[in-house]
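What follows is a short report on a single structure.
Bear in mind the structure is a predicted one, so any value in this text is a computation, not a measurement.
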There are 2 protein chains.
Amino acid sequence: MTSKPVSLKVLAAHLGLTVGTVSRALNNYADISPVTRERVKRAADELGYRANQNARRLSIGNPETVGYLMPRFGNSIAQPFSAQLLQGLGEALSRRSWDLLVVQSDSSKDELAHIERMVRSGRVGGLVISRPAKNDARIRLLQELKCPFVVHGRTASCADYAWYDVDGEDAFVTAVNHLIELGHSRIAFVGAPLQHQFAQDRLNGYTRALEENGLTADPELIQIAEFSDDGGEIATNMLLELSNPPTAVVCLSDTMALGALAAIRAHGLQPGVDVSVIGYDGLKFGVHSNPPLTTMAQPQAHAGRRLGDMLLSIIDGDEPSQHQELRRAHLVRRKTDGPLHLTTAQTNVSNREETT
Amino acid sequence: MTSKPVSLKVLAAHLGLTVGTVSRALNNYADISPVTRERVKRAADELGYRANQNARRLSIGNPETVGYLMPRFGNSIAQPFSAQLLQGLGEALSRRSWDLLVVQSDSSKDELAHIERMVRSGRVGGLVISRPAKNDARIRLLQELKCPFVVHGRTASCADYAWYDVDGEDAFVTAVNHLIELGHSRIAFVGAPLQHQFAQDRLNGYTRALEENGLTADPELIQIAEFSDDGGEIATNMLLELSNPPTAVVCLSDTMALGALAAIRAHGLQPGVDVSVIGYDGLKFGVHSNPPLTTMAQPQAHAGRRLGDMLLSIIDGDEPSQHQELRRAHLVRRKTDGPLHLTTAQTNVSNREETT
DNA sequence: ACGCTAACCGAAAGCGGTTTCGGAAAGCAA
DNA sequence: TTGCTTTCCGAAACCGCTTTCGGTTAGCGT
């Protein structure tokens, strides 16, 4: 279907030169006279010549491409991050005119197979993965394949690979501290299964902050559910129906926090006055929730760009361990954090309503 | 850095065969005896052999890759669709083990340059673009390059290329009709600049529905602003401060609708009772807005998959015009559409407040 | 005039596969 | 045994580009 592009051969013939000469001319070799160099270049873009990249990359032995493993997402409300991250990655790569390949897999098993195929077949020169599991098989695989990679997030043993992460533990420490300063002491944690490292990190921050303030972490107040708004709602329902419900809850993500708000409202309670909630992510949508969601916002803007630059450096030969970047999230107060309102929260426990 | 992968040559040497034989064995040629075929395959995956794709694709003259042009997004709140769409595209492509390249550009000019480079350099065998402008230069370029492509969305003259779109005009007709059935007659349109075809389509639906109901479209009631929540808020503020404000407003997107809700609340009015609003997109977040947003939901789930399949078919030789798919959006009623409340809406006009 | 260096380009060998073609060995019929 | 297919594999060309290596020509000093 596609019209045949002009090759180096026809360009050379057109010029009465050999392919080698033309190639060197286009690549600014010193052994080509300035006049023929210009002549070649003029002819090249008159004929619309573009070097075939498959051929070129085969020849130079460099795929000039990196892969991005899309995180598999359930029914998460939004992945606004993916887009931003891809954009940043693309920026970093385009400065060298490298390409960005996105890869996705259904199961974690064929994700590994995918990775192996990608790197063994020379399709990518590096990979960026995100949301590592606690003992992520992908990381081990990439290490033994000796394939450069960076990870968005990090695991417990992250000493010898490159990563960019925002400190979830720290974030939840400040979130909980903030709630304690507001007078709360029964603070709950709404989380998701702990196979993902970030889920564990944030839980750790929660418990650490409690301990540091001399509060004992009540196991009842730790609710694990599906990583979605529905999960957040279910978990929060459980919490509110406890005999001694929390007066504040920190949520693993803004998405889960939205579910928490729904649950609270459904119980006839008022988020931010009867029970406070703090989310995590800093989704812009949070401005429009009911009421606007207080959250720990992560500096997401430059993640992709940084990740891309790091990966490129490593491919250039840098030691992966030199490229580790930890950012902090910051509290953005909107309307769901408020001072303790003991009476209201403790009385309206038995309301059970349904959200639409 | 990467450890050298085993090539066909070493595999052949290891087996005491020639590369040609090994290649044919792996590709199930009939002129290879079953026993050596199996022997070769066993050895191949024992040694972890993977055909170098650059070499392979160069040889077969097929990039086996399609590109996705990421829509440039300004400060739009989120691109939740991109992720889903990429996922669908990936699915379609992976069934043939084709690759997906994402491309993005800062300006529309180097987007064209990008495209030309991509196809001329044989990096991609096809392209998918989205959100076409009214007379999209990319489409013309791709046509003259004779490069297979599909577009997500469509322009006015869409007869001779392939596209997948949901009928924005129809959607806004049903939205406006719904509002009229609820008793509204002063219905406003909050939109964005009309260079994008979808913005025009939806406006057309708005005006058409008005006409079909014997209502005259009041130019005052058509507000064009930036394509974002802030834009929606600004536009709605203008509307509410009219001497004869609307009692309902349809918004170009859910994101803009969220801004509209904010403006309405800031005027001390109640969305869904004092002034109705209907968005477009069907964002899941709409459930959590204040109040939950009524919207025209588009069937987004399969877009990527369909687009991918279409593109592959066209690359296989199908006529592009055979692959045109128009889907309909459907109304999902939440809480921002309600019957006409004349009194309240007409009196609270002069409130001016600020949102945070 | 000679020799020597520098400037410039052609030739050719890869890169790692695919695919066509031809020929040797094996099978079968006569 | 001869002759003729099959079966199976090796040889080699090719995909389009890069890069090294020589060799020719021009320019220079003497």
Are the side chain of [X] and the backbone N or O of [Y] linked by a donor-acceptor pair below 3.5 Å?
{"X": "B:S97", "Y": "B:S94", "answer": "no"}
{"X": "A:Q87", "Y": "B:Q104", "answer": "no"}
{"X": "A:Q84", "Y": "A:G304", "answer": "no"}
{"X": "A:H196", "Y": "A:R131", "answer": "yes"}
{"X": "B:R57", "Y": "B:P63", "answer": "yes"}
{"X": "A:E64", "Y": "A:D99", "answer": "no"}

Quick one: [X] [atom1] to [N] [atom2], roughly how many Å, whole number?
{"X": "A:R57", "N": "D:dC17", "atom1": "CZ", "atom2": "P", "result": "13 Å"}
{"X": "A:L17", "N": "D:dC17", "atom1": "CG", "atom2": "P", "result": "15 Å"}
{"X": "B:L15", "N": "D:dC8", "atom1": "CG", "atom2": "C1'", "result": "16 Å"}
{"X": "A:L8", "N": "D:dC14", "atom1": "CG", "atom2": "P", "result": "17 Å"}
{"X": "B:L26", "N": "D:dC9", "atom1": "CG", "atom2": "C1'", "result": "15 Å"}
{"X": "B:K9", "N": "D:dA11", "atom1": "NZ", "atom2": "P", "result": "14 Å"}

Applying a 4.0 Å non-hydrogen cut-off, can you work out what [X] is touching in the nucleic acid: base, sugar-phosphate, or nothing?
{"X": "A:G61", "result": "nothing"}
{"X": "B:R37", "result": "nothing"}
{"X": "B:N52", "result": "sugar-phosphate"}
{"X": "B:N54", "result": "nothing"}
{"X": "B:R24", "result": "base"}
{"X": "B:L58", "result": "base"}
{"X": "A:S23", "result": "base"}

_Go nucleotide by nucleotide along DNA chain D from the 5' end; which of A:A55 and B:A30 gets its closest nucleotide reached first?_
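Going by which nucleotide is closer to the 5' end, it is B:A30.
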
*Using a heavy-atom cut-off of 4.0 Å to chain A, what are the terminal contacting nucleotides of DNA chain C, in 5' to 3' order?*
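Terminal contacting nucleotides, 5' to 3': C:dC8 to C:dG16.
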
_More than 12 heavy atoms of other residues, nucleotides or ligands under 6.0 Å from NE2 of B:H302: yes or no?_
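No, NE2 of B:H302 has 12 or fewer neighbouring heavy atoms, counting only those of other groups under 6.0 Å.
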
*asked:* Does D:dC17 have OP1 or OP2 under 4.0 Å away from a side-chain N or O of A:S59?
replied: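 Negative; the distance criterion is not met.
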
*Can you find a side chain N or O atom of B:S33 that sits less than 4.0 Å from OP1 or OP2 on D:dC9?*
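Yes, because at least one side-chain N or O of B:S33 sits under 4.0 Å from OP1 or OP2 of D:dC9.
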
*5' priority, DNA chain C, between A:G20 and A:D31 [closest heavy atom]*: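 Result: A:D31.
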
